[in-house]
Amino acid sequence: MTNIIYQSTRSSDITATASQAVLQGLAPDGGLYVPREIPVYTGSLERLAQQTYQETALEIMSLFLTDYTTQELKHCIDSAYDDKFDIPQITRLKEADGAWYLELFHGATIAFKDMALSILPHLMTTAAKKNHVTDEIVILTATSGDTGKAAMAGFADVPGTKIIVFYPKGGVSAVQEKQMLTQRGANVHVVGIKGNFDDAQSAVKRIFSDAAMKERMAQGGMRFSSANSINIGRLVPQIVYYFYAYGQMLKAGEVKPGDPINITVPTGNFGNILAAYYAKRMGLPCAKLICASNENRVLVDFFRKGVYDRRRDFLLTSSPSMDILISSNLERLVFQAAGEDCDVTGAFMKQLSEEGFYEITDKMKEELTDFYSDYSSEAQTSEEIRTLYEKAGYVIDTHTAVASNVYRRYRDNTQDQTKCVIASTASPYKFLRSVMCAIRPECADMSDFELIDELHALSGVAVPQAIEDIRTAPQLHNTVVEVDEMSEESARWLGI
Ligand SMILES: *Cc1c(COP(=O)(O)O)cnc(C)c1O
């Protein structure tokens, strides 16, 4: 098997093994680690249909994380994908109104982030052992609502780690906030910030590259790492479920081996859809990658015009986990489209941070023709939830509804009959109020707990454990700081 080396998107001299890249998160020059070559899937598609999720995970992850032994990977996979998930198959496809919804929300925090964040702590502690790192690993994470809880659930009480999560106060759903503020674990700290997700994410990146802070950390026997989707330890596990989904489509007789599928992904930081892009590059039969945005439609403009421009108002929508104007992982796609040219990629990212925009060349645009992109307005998203429920009796969350609506209009406009897998990224229980108001506007005055029962009655879907938990859990966190206090707040809590 080829040994895969990772390098920064901004400098080909900065390289790392897979386990080093997992440990570091971000490359030291602020770039993102990318595999020097994208491995090819040479396994049999027919076999995918017969494999368990764990078997497919081992097959795909071994191709990328080449300095982990099979034993190590197996251990990580078995520790992650167990009965923390409420279905034994970990994820499943659900057909509704001519599309296949890939339910990625059966983990502990009922959002797709669990798919990767349940395994990341294991990949990271294994990496520390392999690289003889004895420092305590401090995870610093900015969240638009779902990463924070899923990361804390993954890292809570994992020996040798601490985790600090920053979320935009007022920019997440009531359930998301409650889930975070009730998180147990002596090694977790949750902080609300007076700013939006982009403010939090940019500040975290600054703290990572702050030399003085790094020195203070080292003296305290600690080092930072990232649980955000910039970490390849997040990205690689996300590739797995696209292969698994294809296997399930085969098994159900919806496709024959080699038939292409389309994939639609509700997109924020561009991590989930990037994983689909890697799957395609590896050889998964896939035609279009449909990138769905909410009203923060910065990616739609990028794919249509080739201009990435974050100079616009940040809108708060009913799909808060996609309220993002700086989609970090797009840097990896830009790097590929630029013919893996670090100078070009670095220059665009510099321009983005200094001037707020960049424009790719026509040649780069041609590299992106696999992508189709559109957005769903708040009214369309709400309408989508109601119509799908009325047509198929299936209730989806607001993020999934963004994707579902974009796909529906894509199919109507293009008449493309290729079967489509839609990444269903959260349980409707997580975005309860918006979902219930879409289906039954008269529910607007109900309390959250009444809404839970109402959704249960209407969908017939059992109330997830994650929701039962917050009904009674005490609030354990209440820190709120300004954006420019994030660094000091971290140092204070870490005692350095
Ligand atoms: C994080 C998240 C997204 C966006 O995923 P990205 O990988 O950031 O593009 C979409 N839906 C939900 C529910 C999420 O939690």
Side-chain angles (χ1 to χ4, degrees), residues 32 91 101-117 120 141-151 153 165 167-168 171-173 175-176 179-180 197-198 200-201 226-232 234-239 241-242 263-279 289-294 296-300 302-303 317-333 371 373 375-376 381 385 396-406 422-432 434-435 464 466:
L32 272 53
T91 174
Y101 294 82
L102 179 62
E103 294 186 348
L104 299 170
F105 53 75
H106 288 281
T109 75
I110 58 176
F112 95 97
K113 306 292 197 294
D114 290 322
M115 299 301 292
L117 282 165
L120 182 70
T141 285
T143 184
S144 54
D146 288 332
T147 294
K149 177 65 186 184
V165 168
Y167 75 95
V172 300
S173 83
V175 172
Q176 285 178 314
Q179 277 189 310
M180 287 192 280
F197 171 72
D198 286 336
Q201 177 163 257
S226 169
N228 278 93
S229 56
I230 51 172
N231 193 316
I232 60 139
R234 279 277 302 275
L235 206 51
V236 172
Q238 291 178 177
I239 300 171
Y241 47 73
Y242 292 110
I263 297 176
T264 305
V265 184
T267 299
N269 221 2
F270 208 75
N272 200 359
I273 193 164
L274 186 77
Y277 167 81
Y278 278 137
L289 296 164
I290 302 173
C291 172
S293 294
N294 65 24
N296 291 293
R297 45 173 294 179
V298 64
L299 288 164
V300 180
F302 172 77
F303 283 111
T317 73
S318 60
S319 45
S321 302
M322 295 158 66
D323 289 345
I324 292 176
L325 292 180
I326 307 174
S327 299
S328 295
N329 272 296
L330 190 68
E331 179 167 347
R332 288 185 164 114
L333 184 68
F371 287 89
S373 186
Y375 76 105
S376 171
T381 301
I385 295 173
I396 52 175
D397 97 291
T398 46
H399 303 74
T400 308
V402 165
S404 185
N405 182 264
V406 165
I422 297 177
S424 178
T425 51
S427 157
Y429 282 98
K430 197 156 193 176
F431 300 92
L432 188 67
S434 307
V435 168

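Whatever order the structure lists ligands and atoms in, that order sets their numbers, starting from 1. Note that the numbering runs from 1 along the sequence shown for the chain. Computation of the quantities below employed the complete heavy-atom set of this structure, encompassing side-chain atoms and omitting hydrogens, waters and symmetry-equivalent molecules.
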- Task: Run the numbers on R332 and I232 for side chain to side chain contact (heavy atoms under 4.5 Å, CB included), then give the verdict.
- Result: CA-CA 11 Å; R332 288 185 164 114; I232 60 139; 3.5 Å; yes
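Side-chain N/O atoms of N231 and S226 include no donor and acceptor closer than 3.5 Å.
By the side chain to side chain contact (heavy atoms under 4.5 Å, CB included) test, V300 pairs with S293, R297, R304, S373, Y375, sequence neighbours left out. Residues satisfying the side-chain hydrogen bond (donor to acceptor under 3.5 Å, both in side chains) criterion with Y277, sequence neighbours excluded, are R281. Scored by the ring pair (Phe, Tyr, Trp, His ring centres under 6.0 Å) test, Y101 finds Y394 as partners (sequence neighbours excluded).
How far CG of L235 is from CG of N228: 12.5 Å, rounded to the nearest 0.5 Å.
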Present, as a list of atom pairs with distances to 0.1 Å, all nitrogen or oxygen contacts under 3.5 Å between ligand 1 and the protein.
from     : atom 1 : to   : atom 2 : distance (Å)
ligand 1 : 7 (O)  : G271 : N      : 3.2
ligand 1 : 7 (O)  : N272 : N      : 2.9
ligand 1 : 8 (O)  : N269 : N      : 2.7
ligand 1 : 9 (O)  : G268 : N      : 2.8
ligand 1 : 9 (O)  : N269 : N      : 3.2
ligand 1 : 9 (O)  : F270 : N      : 3.0
ligand 1 : 11 (N) : T425 : OG1    : 2.8
ligand 1 : 15 (O) : K113 : NZ     : 2.6
ligand 1 : 15 (O) : D146 : OD2    : 2.4

